[in-house]
Amino acid sequence: MKILVCLKQVPHQDARLDVNGDGTWIREEGIKFEINSYDTFALEEALRVKDAGEAEVVVASIGPERVSQALRTALGMGADRAVHLKDDALAGSDALGIAQALAAIAREEQPDLVFTGLMSDDGNASSVPPMLAHLLDMPHATAVVKTEHKDAGLRIERELEGGALELVEIDLPCLIAVQSGINQVRYASLKGIMAAKKKPIAAKTAADLGVAELVGAAAAKVAIEKIEPPPKGDRAEILEGTTDEIVAGLLGKIKELGLL
Amino acid sequence: MSLLVVAEIQQGAIREASYELLAFAARIGGEVSSLVIGDAALASEFAKRGGGSTWSASDAALANYNVDGYAAAILAAVEASGADTVLISNTPVGWDVAPRVAAALDAGFVSDAFDVQDGRYRRRVFNGKLDAWVRSSAAKTVVSVQPGALPAIDNQNEGGGEVKELALELPKLRARFLETRESDAGGVDLSQADVIVSGGRGVGDPEKFPEVIQPLAEALGGAMGASRPVVDAGWLPHEYQVGSSGQVVTPKLYIAIGISGAIQHLVGMKGSNYIIAINKDPDAPIFEVAQLGVVGDLFEIVPALTSAVTAARG
Ligand SMILES: Cc1cc2nc3c(=O)[nH]c(=O)nc-3n(C[C@@H](O)[C@H](O)[C@H](O)COP(=O)(O)OP(=O)(O)OC[C@H]3O[C@@H](n4cnc5c(N)ncnc54)[C@H](O)[C@@H]3O)c2cc1C
Ligand SMILES: Cc1cc2nc3c(=O)[nH]c(=O)nc-3n(C[C@H](O)[C@H](O)[C@H](O)COP(=O)(O)OP(=O)(O)OC[C@H]3O[C@@H](n4cnc5c(N)ncnc54)[C@H](O)[C@@H]3O)c2cc1C
């Protein structure tokens, strides 16, 4: 079985976010990046299939040079190979553009199973996975919290609202967009990190993949016109002062609410 | 502008969120038609209550959500109605099918919009820390709308649009619904607690819950809760989780500690009578729903507060 895992590198969850010069994204200089949290669960789910038997795990990511760090981490965790689509032409792509580029990679790799995250921690679009599945003419399922291989397909659980679950049977090949918490994600071992140094990362351009016309700002159907802090609502009254003063303020409020 | 509203059935009734789509459609402006998948009687109801001319896709194979069948039904309704804009709620059904439909239509896709002004849609990015205004330049646009974004329109007395059965040839269903079930219930019922003290990823590691969060909850005679990453990491079982995929709570007092305030957490606790937030980031979105806030290190504030509460109890 061959598994393709789509990984996005995103600003670190604790990074300071400042809006960039033209107000359309954040300033990326000087901040740390990490693998999108949902995608670490997707990779782990793929590695578990590999651990259980025969599977090759290929990771793919689209993004600038810094992304090779995320791919090295994935290889250190146990992925076999990586594909890095690195091309300035991708800048300003919308979700469909990203999906087109990932679809081109998938067509070269011919995976039986594609794992993605449910959502990116930066764009929060939850759009790429179902689009990619459509382009590959595969069925898909999102917010998946359990996978089990059965006959010619998978039996999966999708998370609904309020903790309810939906059991679905899905044919292979298919795309599974993983919800966080589906598994406990491993760390790369020292041995894994050493081994990763010898594993290949194939660099590709949009032209290599034949998608130059389908990606980038020119092809995008959706443009971000502006990024800004959310409007300030009825913002909380902020207690100031020493710790003692703050605690006195909190205590006073708790008493006033009749809870003490 | 010609809009297609895709209503959703949940537990035998049209969801409230579907009536919110009608409000969203009214804000965009244009002629509204609707699609109800899975139940012809509910299609008539939606048509009567503001859905306008309504397509019903009532094939038995659509009684439960499945991606191939629903995508085919929506695409057929887009074709039949000639709609240029498709609205669907950002629910487990909507987020699963909508981007796929958008790709099939070569449409612009706007995910989880909660506002629209002059053709620009507003959506949250970076887990609630920033907003993006986006615009579609494509001939067709698919928009998934955040539940609760706008008050629902329920035009009870509208008189109603006509209901038409959608001509539809279903493809092979490659993802098949088997059943739904509730996740294994644990022993924690947060809905009865007067006070809930919740810890988030900012609490940092599992040992800190019994050391820092639980003592405050106990001192206040309340219950402990958590955000999703805490549960995902296995620090606490799922029964402690507050939010859209956990419990929805409305205590007299909710104290959010080291929780940023992503929308999926907020929907689970914003109905609380009073909210206090403790977070080191002054820009954390949680301060927009809290009434009282402390910007600072939780490891300094919370133990001091616990001591003070314990002392006040005597
Ligand atoms: C400088 C800049 C400008 C931008 N301009 C625009 C714009 O004008 N219009 C617009 O719509 N968007 C724009 N974007 C955002 C756009 O590129 C999004 O990344 C895209 O819309 C996908 O949405 P998402 O990242 O939220 O992914 P989601 O759909 O939330 O991602 C879900 C999953 O898909 C996979 N995935 C997503 N992205 C990648 C990737 N790069 N590599 C590998 N796997 C991936 C991952 O498994 C991920 O978990 C811009 C981004 C940047 C950095
Ligand atoms: C379909 C779906 C369903 C979801 N369901 C839920 C749900 O039911 N419940 C839920 O909670 N989430 C849910 N989420 C996840 C949600 O999007 C957020 O990722 C999550 O709520 C973030 O949790 P957090 O605030 O604890 O973590 P973060 O967003 O990482 O915030 C941590 C906060 O801690 C603060 N902090 C760090 N250190 C300190 C310190 N020493 N002192 C004070 N403050 C500190 C930081 O400033 C930060 O604001 C769902 C997501 C999806 C896509």
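Here is how names work: the chains are called A, B, and so on, in the same order as the sequence lines, proteins then strands, and each is numbered from 1.
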Answer yes or no: is there a side-chain heavy-atom contact under 4.5 Å between F177(B) and R158(A)?
no

Applying a strict 4.5 Å limit to non-hydrogen atoms, the region of P231(A) in contact with chain B is both

Examine whether an atom of K140(B) lies under 4.5 Å from a heavy atom of chain A, and if so say whether it belongs to the side chain, the backbone or both; otherwise answer neither.
neither

Which atoms of K232(A) approach chain B - backbone, side chain, both or neither, heavy atom under 4.5 Å:
both

Please look at I301(B) and chain A and tell me whether the side chain, the backbone, both or neither of the residue comes under 4.5 angstrom of a heavy atom of that chain.
both

Answer yes or no: is there an ion pair linking R122(B) with E228(A), defined by an N-O contact shorter than 4.0 Å?
yes

Residues in residues 118-125 of chain A that sit under 4.5 Å from chain B, counting heavy atoms only
L118(A), M119(A), D121(A), D122(A), G123(A), N124(A), A125(A)

Is chain A contacted by the side chain of V248(B), its backbone, both, or neither, given a heavy-atom distance below 4.5 Å?
neither

With a cut-off of 6.0 Å (strictly less than), are more than 12 heavy atoms of other residues, nucleotides or ligands near CG of D22(A)?
yes

Could you walk me through whether K221(A) and D106(B) pass the salt bridge (Lys or Arg N to Asp or Glu O under 4.0 Å) test, one step at a time?
CA-CA 9 Å; K221(A) 297 169 198 311; D106(B) 214 18; 3.6 Å; yes

Donor-acceptor pair, H238(B) side chain versus G163(A) backbone, under 3.5 Å?
no

Is chain A contacted by the side chain of D96(B), its backbone, both, or neither, given a heavy-atom distance below 4.5 Å?
both

List the atom of W95(B), the atom of E159(A), and the distance in Å for their closest heavy-atom pair.
CZ2-O, 4.4 Å

Verdict with reasoning, R181(B) to E157(A), per salt bridge (Lys or Arg N to Asp or Glu O under 4.0 Å)
CA-CA 10 Å; R181(B) 67 176 180 88; E157(A) 285 182 11; 2.9 Å; yes

Return the minimal non-hydrogen interatomic distance between P99(B) and S127(A), and the atom names on each side.
CB-O, 3.5 Å

What part of A312(B) lies closer than 4.5 angstrom to a heavy atom of chain A: side chain, backbone, both or neither?
side chain

Contacting region of A248(A) [heavy-atom separation from chain B under 4.5 Å]:
neither

Flag if over 12 foreign heavy atoms under 6.0 Å of CZ, R16(A):
no

At their closest point, which heavy atom of R201(B) faces which heavy atom of Q13(A), and how far apart are they?
NH2-CB, 3.2 Å

I need the minimum non-hydrogen distance between P230(A) and D131(B), along with the two atoms involved.
CA-OD2, 3.6 Å

Grab the two heavy atoms, one from P139(A) and one from D68(B), that are nearest each other, plus how far apart they are.
CB-OD2, 4.4 Å

Mind checking whether W133(B) and I224(A) have side chains closer than 4.5 Å, heavy atoms only?
no

Under 4.5 Å from any heavy atom of chain B, what part of V10(A) do you find: side chain, backbone, both or neither?
neither

Interchain contact, L257(A) with chain B, by part (heavy-atom threshold 4.5 Å):
side chain

Return the minimal non-hydrogen interatomic distance between A107(B) and L96(A), and the atom names on each side.
O-CD2, 4.3 Å

Does V168(A) form a side-chain contact (heavy atoms from CB on, under 4.5 Å) with L178(B)? I'd like the steps, not just the answer.
CA-CA 5 Å; V168(A) 177; L178(B) 298 176; 5.9 Å; no

Does the salt bridge (Lys or Arg N to Asp or Glu O under 4.0 Å) test come out yes or no for D137(A) and R174(B), once each step is laid out?
CA-CA 11 Å; D137(A) 194 19; R174(B) 299 165 297 181; 3.2 Å; yes

Quick one: does P92(B)'s side chain get under 4.5 Å of E166(A)'s, heavy atoms only?
no

Part of L259(A) within contact of chain B (heavy atom distance under 4.5 Å)
both

D232(B) backbone acceptor or donor facing Q184(A) side chain under 3.5 Å:
yes

Side chain proximity check, M131(A) to R100(B), heavy atoms < 4.5 angstrom:
no

At a 4.5 Å cut-off on heavy atoms, which part of I254(A) comes close to chain B: side chain, backbone, both, or neither?
side chain

Any Lys/Arg nitrogen of E161(A) or R15(B) sitting under 4.0 Å from an Asp/Glu carboxylate oxygen of the other?
yes

Within the supplied structure, the quantity of interest is the number of heavy atoms (other residues, nucleotides, ligands) at a distance under 6.0 Å from E225(A) CD; does it exceed 12?
yes

After noting the C-alpha distance and the side-chain angles of V309(B) and L251(A), does the key distance pass the side-chain contact (heavy atoms from CB on, under 4.5 Å) rule?
CA-CA 7 Å; V309(B) 171; L251(A) 202 64; 3.7 Å; yes

Would you sort out whether L260(A) and R313(B) count as a side-chain contact (heavy atoms from CB on, under 4.5 Å), showing the intermediate values?
CA-CA 7 Å; L260(A) 251 187; R313(B) 292 238 147 166; 3.2 Å; yes

Non-hydrogen atoms of chain B under 4.5 Å away: do they reach the side chain of L239(A), the backbone, both or neither?
both

Side chain / backbone / both / neither for I26(A) at chain B, heavy atoms under 4.5 Å:
side chain

Looking at Q291(B), is its backbone amide N or carbonyl O close enough to the side chain of R235(A) to form a donor-acceptor pair, meaning the two atoms are under 3.5 Å apart?
no

With a 4.0 Å cut-off on N to O distance, would you call R176(B) and D171(A) a salt bridge?
yes

Is the closest side-chain heavy-atom distance between T180(B) and L160(A) below 4.5 Å?
yes

